[in-house]
Amino acid sequence: MSGINDFVIKFATVNGSGSASANTMVAKTLFRMGIPVSPKNIFPSNIQGLPTWYEVRVSEAGYVARRDGIDFMVAMNPQTYAEDLAEVVPGGWLLYDSSMPRIWPRDDITLLPIPIAQICAKQWTDARQRQLFKNMVYVGALVELLSMDMEALKGVISDQLKGKEKLMAANLQAVELGRTYAREHFSCPLSIHARPAEGAKGKIMVTGNDAGGLAAVYGGATVCAWYPITPSTSLPEAYEKYARRLRVTKEGKRLFSIVQAEDELAAIGVAIGGGWNGARSFTATSGPGISLMSEFLGLAYFAEVPVVLFNIQRGGPSTGMPTRTGQPDIISCAYASHGDTKHVLLFPSNPTEVFSMGAEAFDLAELLQTPIMVMSDLDIGMNDWMTDPFTWDDSTEQSRGKVLSAEQLEAFKTVKGKPWGRYLDIDGDAIPYRTLPGTHPSMGSFFTRGTSHDEYARYTEDGRIHQRVIDRIRRKFDTAATVVPKPEIDIRDKGCKTAIIYFGATRPAALEALDELERAGVRINAMRLKAFPFSEDVKAFCDAHDHIFVLEQNRDAQMRSLLITEADIPATKLIPMLSYDGMPTTAAFVRKAVLAHLHPEKAAAAE
């Protein structure tokens, strides 16, 4: 086996052992060498003691989807030796701590035994230091085995230990111990190794949750109310971090408010209250939080209050798999709450889009006077992604939508020909004009209620009026379809009648699979959904194709159901392509599913 800048390395360790920091250093060092990388942290839902894994895909071609098959395994957890060994591809390598004798029942891989515990025991007397520096010893060995740039690694370690500079020397000492052992006992570098490249130049590495926190700052959010839940917690934490840097005056006055509420119901309630009062407000949660927030989301929908919600999806139902990824909340978010509701959903595919769509969500919420949900997931939210740098036009002005000033209120009847009513459709776009508390001393006040009301916010039990109001709110959804992000369409063969639809974090796997299929002589078209409601472009694309795979990470083909129900796409042409094991989707999964349907003989040959 040989693969220069094209391999997958996996670390099998124990949660709470300090390995996450060391493993991240490997990924970031390769990235700083200019090599495209895609790290995935696969961790348990406990604090310490259970198995955890960290994969790094290295791909000079720039593919960032997770890939099946491990070329190089760093096996540091005896609990998982059997499954870790089984994952290594024939011809691969397995590095392990040989301080205790081990028997590995495979003769088609190369073993790289290093007595890591013994090396650390000789060097350090403190038990905690021995444990932590074991990680840095294997990092040092990888420097030689994979020809990693030592200067780049030093820079990464320095950044990681900022504020803890006294630990720098000891960490570098551990790295040197590993390097020395590898040089003296193995032929370095291996046939798979790294070399400086250009593919990662101009890119950044960042998590989606960090991007979401920054998006809220740039989107103008001044109120954040949240309740901790994996995998969304780090998003409001990122917002607070950036707001403390960017939203505090020279005099020390904070221009933002962040509330850790007692539960999810309180969090969404505070956020809706902020939106009603004129602040740009948001919350962040995951699937169980969506369930708890649903009634309040119905209030915001019916009372037409702007609010933004970041949903960092995880495996369900119930507690489900809190530290695994998925897209299982499509239906529950699209129709959140009881009664007739429809919500606007945005589907970012990487942290760069979490930033851009997250900031845009605040404009959309005020334009449409409704909740906007940014549908991220654990993979995007918590993993480091190599992605394009964020861009922002400093001349950007927030679009507050139809918010009336005192002067506009006074002139409303003269200008519009009708007296102002909070829920009156004046312009024919189903979006009424709103006022904020305190706008005018005697005009513009109204009673905000979740009960049935007429166009002037007056309570009513007249069913005809209620129907008229909820029909108008539904028409607002038609307006939303014209302003949300348009789908991304990729026509690879104008005569082809077969296509694939994908969205969110499945984008890297879909794009790589499309390339692999094309190299195999199979060309199909593609469309990436960016938002719900669906624009006319979605309908037109589906009408132009006879067979359409719908790739999604849930069991029940929820996006397919939305396409059938909301875009009137015939169910017979939509082929479910479902990946819901909690792991990021691979190109191999997509490729095999397409070939199995279109060319069974090619699928069998590829096995």
Side-chain angles (χ1 to χ4, degrees), residues 9-30 41 43-44 47-56 72-81 84-85 93-104 110-190:
I9 180 171
K10 186 170 185 175
F11 303 85
T13 57
V14 176
N15 200 33
S17 65
S19 59
S21 295
N23 301 339
T24 301
M25 289 177 186
V26 173
K28 290 184 175 180
T29 298
L30 294 166
N41 190 17
F43 59 100
I47 297 173
Q48 188 170 0
L50 291 182
T52 185
W53 294 269
Y54 190 88
E55 294 180 2
V56 182
F72 192 117
M73 177 70 73
V74 179
M76 296 295 291
N77 184 3
Q79 300 176 65
T80 60
Y81 275 165
D84 297 335
L85 179 65
W93 290 263
L94 186 144
L95 185 156
Y96 69 102
D97 185 352
S98 60
S99 299
M100 296 285 289
R102 306 285 180 191
I103 296 176
W104 301 93
T110 300
L111 300 177
L112 301 170
I114 302 178
I116 297 175
Q118 292 178 5
I119 291 172
C120 291
K122 290 178 181 178
Q123 195 66 41
W124 293 281
T125 57
D126 181 80
R128 180 61 177 164
Q129 286 184 320
R130 288 176 175 176
Q131 176 58 48
L132 293 175
F133 292 133
K134 281 171 62 176
N135 304 316
M136 299 308 295
V137 170
Y138 70 65
V139 169
L142 293 177
V143 169
E144 298 298 322
L145 292 166
L146 300 180
S147 193
M148 290 166 51
D149 187 320
M150 186 59 197
E151 291 306 310
L153 177 60
K154 286 180 180 179
V156 170
I157 296 173
S158 178
D159 290 346
Q160 197 105 334
L161 296 177
K162 194 165 291 183
K164 303 177 183 178
E165 285 75 11
K166 62 181 182 180
L167 298 176
M168 186 75 180
N171 276 272
L172 289 177
Q173 182 183 10
V175 168
E176 285 303 320
L177 290 170
R179 292 183 68 190
T180 299
Y181 191 92
R183 280 196 306 265
E184 293 177 353
H185 294 83
F186 310 121
S187 178
C188 299
L190 304 177

Chemist: Y138 vs N23, test: side-chain contact (heavy atoms from CB on, under 4.5 Å). Steps then yes/no.
Modeler: CA-CA 10 Å; Y138 70 65; N23 301 339; 2.6 Å; yes
Chemist: Just verifying a value: how many Å separate K154 NZ and N171 CG, rounded to the nearest 0.5 Å?
Modeler: 13.0 Å
Chemist: Main chain of R179, side chain of E144: is a donor-acceptor contact present, judged purely on distance under 3.5 Å?
Modeler: no
Chemist: Taking all atoms of both residues into account, what is the closest heavy-atom pair of Q79 and G49, and its distance?
Modeler: NE2-O, 3.6 Å
Chemist: Do F72 and L142 come within less than 4.5 Å of each other through their side chains, counting heavy atoms only?
Modeler: yes
Chemist: Rounded to the nearest 0.5 Å, how far apart are CG of L177 and CG of L172?
Modeler: 11.0 Å
Chemist: Where do L95 and A141 come nearest, in terms of heavy atoms and distance?
Modeler: CD1-CB, 4.3 Å
Chemist: Might you point out which heavy atoms bring A75 and Y81 nearest each other, and give the distance in Å?
Modeler: O-CE2, 3.7 Å
Chemist: For S99 and Q118, indicate whether the former's side chain and the latter's backbone hold a donor-acceptor pair under 3.5 Å.
Modeler: yes
Chemist: Locate the shortest heavy-atom distance separating G16 from R128; write the atom from each residue and the value.
Modeler: O-NH1, 4.0 Å
Chemist: Go through the steps to decide whether L190 and L112 satisfy the test side-chain contact (heavy atoms from CB on, under 4.5 Å), and finish with yes or no.
Modeler: CA-CA 11 Å; L190 304 177; L112 301 170; 4.3 Å; yes
Chemist: Set out, in order, the CA-CA distance, both residues' side-chain angles and the distance that settles side-chain contact (heavy atoms from CB on, under 4.5 Å) for M150 and E176, then state yes or no.
Modeler: CA-CA 10 Å; M150 186 59 197; E176 285 303 320; 3.9 Å; yes
Chemist: Could you tell me whether the side chain of I157 reaches within less than 4.5 Å of the side chain of M136, counting heavy atoms only?
Modeler: yes
Chemist: Report yes if some heavy atom in the side chain of Q160 is under 4.5 Å from a heavy atom in the side chain of S21; otherwise report no.
Modeler: yes
Chemist: What I'd like to find out is whether the side chain of L85 reaches to under 4.5 Å of the side chain of M73, using heavy atoms alone.
Modeler: no
Chemist: Can you measure from OG (S98) to NE2 (H185) and round to the nearest 0.5 angstrom?
Modeler: 9.0 Å
Chemist: I'd like to check R102 versus L111 (side-chain heavy atoms, cut-off strictly below 4.5 Å). Are they in contact?
Modeler: no
Chemist: Keeping the roles fixed (side chain from R130, backbone from W124), state whether a donor-acceptor pair exists under 3.5 Å.
Modeler: yes
Chemist: Side chains of I119 and F133, heavy atoms from C-beta outward: is any pair under 4.5 Å?
Modeler: no
Chemist: Nearest 0.5 Å, please: how far is CE in M76 from CG in N135?
Modeler: 6.5 Å
Chemist: Supply the atom-to-atom distance F11 CZ to T24 OG1, rounded to the nearest 0.5 angstrom.
Modeler: 9.0 Å
Chemist: Looking only at non-hydrogen atoms, find the nearest pair between G18 and L132 and report the distance.
Modeler: CA-CD2, 4.0 Å
Chemist: Is there side-chain contact between V26 and Y54, with heavy atoms separated by less than 4.5 Å?
Modeler: no
Chemist: Is there a side-chain contact (heavy atoms from CB on, under 4.5 Å) between Y96 and I114? Walk through the geometry before answering.
Modeler: CA-CA 6 Å; Y96 69 102; I114 302 178; over 6 Å; no
Chemist: For D84, check side-chain hydrogen bond (donor to acceptor under 3.5 Å, both in side chains) against everything at least two apart and list the hits.
Modeler: W53, T80
Chemist: What are the two closest heavy atoms between N15 and T52, and how far apart are they?
Modeler: N-CG2, 3.5 Å
Chemist: Output the distance between atom CD (Q131) and atom OG (S17), rounded to the nearest 0.5 Å.
Modeler: 5.5 Å
Chemist: Given side chains that start at C-beta, do those of L146 and L30 come closer than 4.5 Å, heavy atoms only?
Modeler: no
